[in-house]
Amino acid sequence: MGNTGRLRACGSVLDRFSLPWVAILPSTLAHRPNPTRSERTGAPPVPIIQEDDRNEPLYRMRHSLAHVMAQAVKKLYPGTLLGFGPPVANGFYYDFLFSEDAEISEDDLARIQKEMRKIIDEHQEFSREDLSAQDALERIRAMQEPHKLEYAQELLQQHDSLSFYTNGPFVDMCEGPHVENTVELPKDGFKLDSLAGAYWRGDENNVMLTRIYGLAFPTRKELKEKLRQIEEAKQRDHRKLGRELGIFIISDEVGKGLPLWLPNGAIIRHELEKLAYETEFRYGYLPVATPHITKEKLYWTSGHLPLYEKVMYPPLRMYEDAEEGGAAAESGEGEPEKYYLKPMNCPHHHMIYAAQPRSYRDLPLRLAEYGSCYRFERSGQLQGLTRVRGMCMNDAHLYVTPEQLLEELKAVMELHREYYELFGFDNYFMRLSLWDPEDPKRAEKYFDQPEAWEFSQKIVQQALEELGLWYKLSVGDAAFYGPKIDVQFRTVLGREFTLSTNQLDFAQPARFGLKYVDRDGTEKTPYCIHRAPLSTHERFIGFLLEHYGGAFPTWLAPVQVVVIPIGENQLAYASKIRDTLRSSLVRTETDDSDASMGKKIRTNVTRKVPILLVVGGREAEAGTVTVRRYGIKEQRSMSLEAFVDAVAEEIRGRQHVTEW
RNA sequence: GCCGGCGUAGCUCAGUGGCAGAGCAGCUGAUUCGUAAUCAGCAGGUCCGGGGUUCAAGUCCCCGCGCCGGCUCCA
């Protein structure tokens, strides 16, 4: 049973990224045991996190600090109720329900922190008790902790007993483990750093608790190092870099979540589209283009309307004869036509498939488009470029026969691998989302065809395993039309998010009546694979900004080369170099400002231009350039011709040059 | 959407209820420089918006909007 059957009273969040892929824990562990990869597939057992991992000193220390914080809060704010309080990646948190007259803000954190230090100084011992179901419930009732009681009752459906930890006057239902004595806790290695709302059990229908986050490390030095890292990460925040580098802006007047792409950002988009077009051409895709809006009926056919409506913009309503001041528009009688901004591209692509009869000889048919989509995300969710309302997706739909499904899925995953290698991504993991046959609401959440789910889930898993890709299973997170392979990344600021996504769709083709004539002359329904390896321009470029810290490889850099004449005598030579490079399609500028050379270098280094060509009298005379690459101290001189060839090759090959 | 915080020049940020400020960026002039900041001057403001308290509000109160951190969801 390993870890999967054990539930923790305090909850648990481990840092999945700090562990090898094989050691990934199901994220839903705290709520419901997930089958492990080996249990699902019968494959050899996979090493997953064992009980021992929770005996790590760091884990115990953070966990115990959470309890100390809860004790401090209950002392300073009597009547406060408890939620969960687990250790997390860089520290711990605890959720509280403060009594109504206790207003708490970030200013109060220092007070709580001070109280925590006092508790640590009391050298309180942690002791564990295991109580039978009945004793446990009695204990919790006596504690008057309604949230703990609710969770205990749930736990007792699977467990015969529950454990409690006591330190000083504080008792918590908790599986542990903890340190033995508060003396082991680092008085100056922790810091309460933020206050946030969090729904009880993560469900917005529940009460909102107040979560206090703390950072915690064994020593003050390590804490300070983490704080420094956090500061450094802020310098890589794509919102900051996006503004500084002129990539995008988001204007209140246009609307939240609707980025405006500045020239530098539009160039990056264009380069990504070129990359996608070339790569997809090699993989046998065909380009298509579709409009941004569509009539309502399409989304009834696809099934989006009942299931997806809450993230769609409300419909535009119009009368076809409105322009002529027609009778219907005038009187408002009759039904107006409803148009929706498209939240996805698939229905449009299905219409292209359906536009002509298809034979098995036409399959696989791979239709690709960078398609614009609009989703009405809730305002609190919007996040720079990584979470927006208007986006442009690296989309494609592959229509395949059942026999082709496995190979096509594998090709799609290979495509991901190729892209990620090009960009140098390695900090990600795959998540395979399945339906949940036990979900009481499954008929509302999914197309309810058990055999189709079983078949398509099996094929997807087979594809991942034949390619040797590790993945995490996530039951209940499938798309409504089929299983999903998401690729999870983490931003520099530590937020996990989905970059690429792929789905196997067994439902929509049938709903759209898509057919192909098979070898034997009968009509059959194809499967559809949805895939978006380069995500959306918004999310992808947001991530790239952080990944590269704004210092793009030459092929992606909005300005690839800046020529810096040392004095005004070299202006003509600088212009000649610029024109030569431009005729080789290298994005080049000259810096002809009258600033000092040092200032010009500084300015263009700040812009993170990959290559600066410094030219003075020597270069002009010899017909050479002195090359100064971003992030590389050493400079090189070479003939202009040699440089043009080298940089053109570097761009054509989409190379990453990090050293000479 | 909900909980907490924040909103002053293009950017980063000072500003004790009593004249709206600095650095960088911009513009003008001087300077023409050998690998990360030459000098001087000028200009730049609905202090997020609306209402209120006050002799007086960037500052205090209320409402709205936006942003940031989280919850949840997701490309």
Side-chain angles (χ1 to χ4, degrees), chain A residues 93 95 98 103-109 193-213 234 237 239-240 243-244 246 249-253 255-256 308 310-311 343-345 371 373 375-388 391-395 433 477 479 484 486-489 493 495-502 530-540 542-543 564-571 592-606 612-619 626-628 630 633-635:
Chain A
Y93 69 77
D95 289 339
F98 287 95
E103 292 218 352
I104 180 159
S105 79
E106 284 185 14
D107 300 337
D108 301 308
L109 296 183
D193 73 332
S194 72
L195 203 61
Y199 298 106
W200 167 240
R201 312 296 301 269
D203 185 338
E204 68 184 29
N205 298 313
N206 290 342
V207 63
M208 177 159 281
L209 307 174
T210 302
R211 175 171 299 179
I212 301 178
Y213 279 96
K234 283 184 188 163
D237 187 323
R239 292 163 297 194
K240 177 179 159 70
R243 187 172 52 236
E244 287 171 356
I249 54 169
I250 294 176
S251 152
D252 297 356
E253 292 176 60
K256 39 165 88 169
Y308 209 75
K310 63 180 186 301
V311 283
M344 295 190 155
N345 300 303
C373 297
R375 297 182 188 175
F376 194 76
E377 302 287 353
R378 302 203 295 187
S379 64
Q381 316 289 14
L382 299 172
Q383 251 294 320
L385 283 182
T386 49
R387 191 68 182 274
V388 294
M391 69 205 89
C392 189
M393 200 185 302
N394 171 234
D395 215 350
S433 297
D477 286 327
K484 209 165 61 158
D486 292 326
V487 191
Q488 297 298 109
F489 282 75
L493 295 171
R495 189 175 295 112
E496 182 187 321
F497 71 107
T498 304
L499 193 71
S500 315
T501 185
N502 307 278
H530 307 234
R531 43 110 278 178
L534 296 180
S535 190
T536 60
H537 276 320
E538 287 71 22
R539 190 168 280 187
F540 199 75
F543 182 70
I564 296 178
I566 289 177
E568 62 188 12
N569 289 336
Q570 291 86 45
L571 280 174
D592 53 7
S593 67
D594 62 358
S596 66
M597 184 202 63
K599 181 57 187 271
K600 289 189 217 180
I601 289 172
R602 181 182 160 81
T603 302
N604 289 292
V605 168
T606 307
L612 304 184
L613 299 180
V614 179
V615 295
R618 293 203 295 268
E619 286 82 0
T626 296
V627 186
R628 186 191 205 282
Y630 184 88
K633 268 273 170 250
E634 189 200 344
Q635 297 130 39

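Just so we're on the same page: letters track the sequence lines, and every chain starts at 1. This structure is a prediction, so every number in the text was calculated from the model and none was measured. Computed over heavy atoms, backbone and side chain alike; hydrogens, waters and symmetry mates excluded.
- Of the possible polar contacts, none joining the A:Asp486 side chain to the A:Gln488 backbone as a donor-acceptor pair under 3.5 Å is found.
- The heavy-atom pair separating A:Pro565 from A:Leu571 by the smallest distance is CG-CD2, 3.8 Å.
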> Along nucleotides 24-34 of chain B, 5' to 3', which nucleotides get a B, which get an S, and which get a -, given that the test is a protein heavy-atom distance under 4.0 Å?
Replying inline: -S----BBBBB
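- Taking atom C1' in both B:G26 and B:C63, one finds a spacing of 37 Å when rounded to whole Å.
- B:U72 atom P lies 10 Å from atom OH of A:Tyr199, rounded to whole Å.
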>> Between A:Asp237 and A:Arg239, is the salt bridge (Lys or Arg N to Asp or Glu O under 4.0 Å) condition met? List the steps.
In response: CA-CA 5 Å; A:Asp237 187 323; A:Arg239 292 163 297 194; 2.5 Å; yes
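- Within the 4.0 Å cut-off from OP1 or OP2 of B:U72, not a single side-chain nitrogen or oxygen of A:Arg211 is found.
- The partner of B:G26 is B:C42, judged by Watson-Crick or G-U wobble contacts that both fall below 3.5 Å.
- Straight-line distance between the P atoms of B:C61 and B:G17: roughly 12 Å, to the nearest whole Å.
- B:U16 and B:C11 have their C1' atoms separated by 27 Å, given to the nearest Å.
- Of the listed nucleotides (B:C2, B:A75, B:G70), B:A75 has the atom at the smallest distance from the side chain of A:Val388.
- In terms of the side-chain contact (heavy atoms from CB on, under 4.5 Å) criterion, residue partners of A:Tyr199 (sequence neighbours excluded) are, by chain and number, A:Glu204, A:Met208.
- Taking atom C1' in both B:U53 and B:C60, one finds a spacing of 8 Å when rounded to whole Å.
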> How does each nucleotide of nucleotides 3-14 of chain B score, in 5' to 3' order, for protein heavy atoms under 4.0 Å: base (B), sugar-phosphate only (S), or none (-)?
Replying inline: BSS-----SS--
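- Heavy atoms only, all atoms of each residue included: A:Arg539 and A:Thr386 are closest at NE-O, 2.7 Å.
- Distance A:Tyr630 OH to B:U35 P: 20 Å, rounded to the nearest Å.
- Base pairing of B:A37: no nucleotide in any strand meets the Watson-Crick or G-U wobble criterion (both distances under 3.5 Å).
- The side-chain heavy atoms of A:Gln383 and A:Phe497, taken from C-beta on, include no pair separated by under 4.5 Å.
- For the pair A:Arg375 and B:C74, the criterion of a side-chain N or O lying under 4.0 Å from OP1 or OP2 is not met.
- Atom CZ in A:Arg378 sits roughly 13 Å away from atom C1' in B:G70 (whole-Å rounding).
- One can find a donor-acceptor pair under 3.5 Å joining the base of B:C71 and the side-chain atoms of A:Gln381.
- The partner of B:C73 cannot be assigned: no Watson-Crick or G-U wobble pair with both contacts below 3.5 Å exists in any strand.
- Of the candidate nucleotides B:C73, B:U35, B:C74, B:C73 has the atom lying nearest to any side-chain atom of A:Arg387.
- No contact: A:Phe540 has no heavy atom under 4.0 Å from any strand.
- If you check B:A36, B:G69, B:C74 against the side chain of A:Ser194, the one that comes closest is B:G69.
- Between A:Gly384 and A:Thr498, the residue anchored closer to the 5' end of RNA chain B is A:Gly384, taking for each the nucleotide with the nearest heavy atom.
- The CG-C1' distance, from A:Asp203 to B:C73, rounds to 12 Å in whole Å.
- Going from atom CD1 of A:Ile212 over to atom P of B:G70 covers 16 Å, rounded to whole Å.
- Not one N or O on the side chain of A:Glu538 forms a donor-acceptor pair closer than 3.5 Å with the backbone of A:Arg387.
- When heavy atoms are screened at a 4.0 angstrom cut-off, A:Glu538 is found touching no nucleic acid atom at all.
- Within the shown strands, nothing qualifies as a pairing partner of B:U31 under the Watson-Crick or G-U definition with both distances less than 3.5 Å.
- Across all strands shown, the partner of B:C60 is B:G52, judged by Watson-Crick or G-U wobble contacts whose two distances both fall under 3.5 Å.
- Spacing of P atoms, B:A40 relative to B:A56, comes out at 43 Å, to the nearest Å.
- Per the geometry, CZ belonging to A:Phe489 stands 19 Å off P belonging to B:C74, to the nearest Å.
- At a cut-off of 3.5 angstrom, counting only N and O atoms as typed in the model, there is a donor on one side and an acceptor on the other between the side-chain of A:Thr536 and the base of B:A75.
- Taking the C1' atom of each, B:A30 and B:C68 are spaced 44 Å apart, rounded to whole Å.
- Distance, A:Ile249 CD1 to B:C67 P: 13 Å, rounded to whole Å.
- Taking atom C1' on both nucleotides, B:A9 is separated from B:A22 by 11 Å, rounded to a whole Å.
- For the pair A:His530/A:Lys484, no side-chain contact is recorded, criterion being any heavy-atom separation below 4.5 Å from C-beta on.
- A perpendicular orientation is assigned to the rings of A:Phe489 and A:Phe543, their planes being inclined by more than 60° (bins at 30° and 60°).
- With a cut-off of 3.5 Å on both pairing distances, the Watson-Crick or G-U wobble partner of B:G66 is B:C6.
- In terms of heavy-atom proximity, A:Pro343 sits nearest to A:Tyr308 at CB-CE2, 3.8 Å.
- Base pairing of B:C13 is made with B:G21, judged by Watson-Crick or G-U wobble geometry with both donor-acceptor distances under 3.5 Å.
- If you take CZ of A:Arg602 and P of B:A37, they are 7 Å apart, rounded to a whole angstrom.
- The backbone N or O of A:Asn394 sits less than 3.5 Å from a side-chain atom of A:Arg531, completing a donor-acceptor pair.
- Contact check for A:Gln570 versus A:Glu619: no side-chain heavy atoms found under the 4.5 Å cut-off.
- B:U35 and B:G7 have their P atoms separated by 43 Å, with the value rounded to a whole Å.
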